[in-house]
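Below: one structure, written as structure tokens.
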Amino acid sequence: MATVEFRKLVKRYGTHQVVHGIDLAINDGEFLVLVGPSGCGKSTSLRMLAGLEDISGGEILIGDKVVNEVEPRNRDIAMVFQDYALYPHMSVYENMAFSLHYRDTPKQEIRTRVMEAAEILGLQDLLDRRPKQLSGGQRQRVAMGRAIVRKPQVFLFDEPLSNLDAKLRGSMRLEIKKLHRKLGVTTVYVTHDQIEAMTLADRVVVMNSGNIDQVGTPEDVYHSPQTIFVAGFIGSPTMNLLPAKRNGSATIVVGEKSDFHVQLPAKSASNTDAFVFGIRPEDIAIASGDPEDGRVHVDGVVDVVEALGPDTLVFADVGGHQVTARVRPDVKPDIGQPVRLSLDVSRAHFFESESGKVVS
Amino acid sequence: MALLFRKKRSRELVFIWALLLPALAVYLFYRVIPLVWNVVLSFSFWSPGKPAKFAGLYHYEEMLFYDDAFWVALKNTAVFMLGTPIAIVLAMALALLVDQNIRGRSLYRTLIFLPYPMMIVAVGIVWRWLYNDSVGLINYVLRSLGIIDQPIPFLESYDFAMASVMVAAIWQIVGFFMIIILTGLQNIPAHLYEAAVIDGARAHHRFWRITLPLLRPSIFLCVILGVIASFTSFDLIYTMTGGGPGLATELLITYIYKSSFTLSKFDYAAAVTVVMFLLFLALALIANRLAGGDAGKVDIAD
Ligand SMILES: Nc1ncnc2c1ncn2[C@@H]1O[C@H](COP(=O)(O)OP(=O)(O)OP(=O)(O)O)[C@@H](O)[C@H]1O
Ligand SMILES: [Mg+2]
């Protein structure tokens, strides 16, 4: 087990820079998830850590040792690929034993380790099969088995579950979590699925076009997003983000037509005038009676209602902006009818529109 | 209902047979009938314009026990076939080379492939000129470099003729083999190599344990094509040496030609043809069996 550190890590393809000097420190035994939209540089960063891509600038350290010039096989890492990358002409056993052959492991020891891994992953009955003869979930398990027999310092996963159907993804997610708890190996996990990020991670790293926007626990990134990007990226349905202008010293006006006033957070030293007001759908309810303390009522028109079962999503048009509310399942507003929404502004987020940073 | 079904079904059958018929007719007249006729002929005494008489195994006995030329041609065919593994190794090396990210790789690919579609007679003539002892390029270069004093008449020499013909044959087919192997190479997912790199396999391990096993179908396709070529390389031999000097480059196929059209022993030639056909069939079956029954299969996606 080991710590991992990125120092001013840069990746360029020719003159095109795709990772812009990121800094990141990963603790020993931590489960770290890199999440972000397609093309933001998650895989590229992971592949630099694996040694599959050259590092254009900065340093990567594994266990306090700079590994920029270290061959992948000497970095003591194991990687699970999205398409599993199982050797199609080898049996499950041979796939798992492959790496041990190149590490001068005695035959008996190889057997013990493969059997051990097979037992952890429930692969005992499949050892003689070829990858072709396995289901997607079983292949995924073999790919993980191949990684754990090595007992590496660091596990790397690049979207390991994205080729599986939703149900299997859920159960494999659980298995990965259990496996990590059992082995306690430092893990870097890349995904663009925020549910995976939220459920698996000790800490989440949100990447945005080659930069790190925020590093924090799943609760941090959900409840205290540091940028507009993180606020919009984490959470489903996404946070409502509305334009706002300063009005007086401590209040802002949200929206253009159906305006309402809210207090800026007390300590706000910001001297810009343009803001973005963010509020999660679950912090909006359908209003009844007069607004209580800390709530603001706004009027809109119901566009769409989606009954999800445990709760219902109401999409309303508020002064030309779409606002999503997550309400109790017994509430059924009529489509096309006016609706009064009650916003819990004590839970709202304020961002400067120019810098995209949170106001605090 | 049943009647209707039967009618519809028979209409379909007529349609299917109507579509198949032209192709089947061609196959019948150009393949099946000659083959059957050839087998019949091999058990008969026959020369043009004379009635055929049953000969039993006479021609086969003659061939196997009394005809040294047949055995020489058989041995030469086997030697000629050794060009196939050489061509495959060369093609593999070239394919690995042009598969790299080198500048102008598509140009190299085209250049290497170029000889294959060329008419074999033309290839033979070009190589005959290259090998020529007085005006040939090879002799000129060797003498200019001081490697030899006397010109070597490659194609007229018992020592060099076979090797010279094989070089031309390999040169002609290597580009085609390269394309087959290259296709196989490019069907191996890059992730497999990355996984192997992380697993600790060095370049030569990756070649032996990943590239080569996954190329097996492509390689065996080359083997089968090479075997076919060595049984049918009539045009190249005929234009370059005509089977000579003596019997030095006589292959089964040229021997069959000579027996029938030079010596007018059509019945005997038919017997040699049957033997060649059986040998060829056996080799092709063995090669396909070794390839796991999927020679030429390129997709290894699972
Ligand atoms: N070999 C390459 N040459 C040039 N540009 C590349 C290369 N590989 C990746 N890129 C670019 O680098 C950027 C980051 O790619 P990367 O694969 O890291 O994205 P990602 O975050 O993993 O996205 P996804 O979720 O789609 O896998 C992209 O803009 C991509 O176009
Ligand atoms: Mg990726």
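- The local environment of NZ in K178(A) is sparse, with at most 12 non-hydrogen atoms from other residues, nucleotides or ligands closer than 6.0 Å.
- A196(B) touches chain A through backbone and side chain together, each having a heavy atom under 4.5 Å away.
- Contact record, G200(B) with R73(A): CA-CB, 3.3 Å, taken as the closest heavy-atom pair.
- In this structure, D128(A) places its CG atom where only 12 or fewer heavy-atom neighbours from other residues, nucleotides or ligands lie under 6.0 Å away.
- Residue contact with chain B, scored on non-hydrogen atoms closer than 4.5 Å, involves the side chain of R47(A) exclusively.
- Using a 4.5 Å heavy-atom threshold, the side chains of D158(A) and H191(B) count as separate.
- Here ring pair (Phe, Tyr, Trp, His ring centres under 6.0 Å) pairs that include residues 133-154 of chain A, with residues two or more places apart or in two chains, number zero.
- Within residues 95-124 of chain A, the residues having any heavy atom closer than 4.5 Å to a heavy atom of chain B are F98(A), S99(A), H101(A), Y102(A), R103(A), listed by residue number.
- If you measure heavy-atom distances from A78(A) to chain B, the contacts under 4.5 Å come from the backbone alone.
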Q) Are V197(B) and E71(A) close enough, and set up right, to give a side chain to side chain contact (heavy atoms under 4.5 Å, CB included), and what steps lead you there? A) CA-CA 9 Å; V197(B) 164; E71(A) 295 283 324; 5.9 Å; no
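- For I179(B), the side chain to side chain contact (heavy atoms under 4.5 Å, CB included) partners at least two apart in sequence or on another chain are F113(B), T183(B).
- For chain B, the nearby part of F81(A) is the side chain; its heavy atoms alone come within less than 4.5 Å.
- Around atom OH of Y27(B), no more than 12 heavy atoms belonging to other residues, nucleotides or ligands sit under 6.0 Å away.
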Only distances under 3.5 Å count here; give the side-chain donor-acceptor pairs of residues 55-70 of chain A to other protein atoms, sequence neighbours excluded, each with its distance to 0.1 Å.
from	atom 1	to	atom 2	distance (Å)
S56(A)	OG	R12(A)	N	2.7
N68(A)	OD1	I60(A)	N	3.0
N68(A)	ND2	G58(A)	O	2.9

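- The one candidate from L214(B), I210(B), I188(B) that meets the side chain to side chain contact (heavy atoms under 4.5 Å, CB included) condition with P88(A) is L214(B).
- One distance of note links CD1 of I198(B) with CZ of R75(A); it measures 9.5 Å at 0.5 Å rounding.
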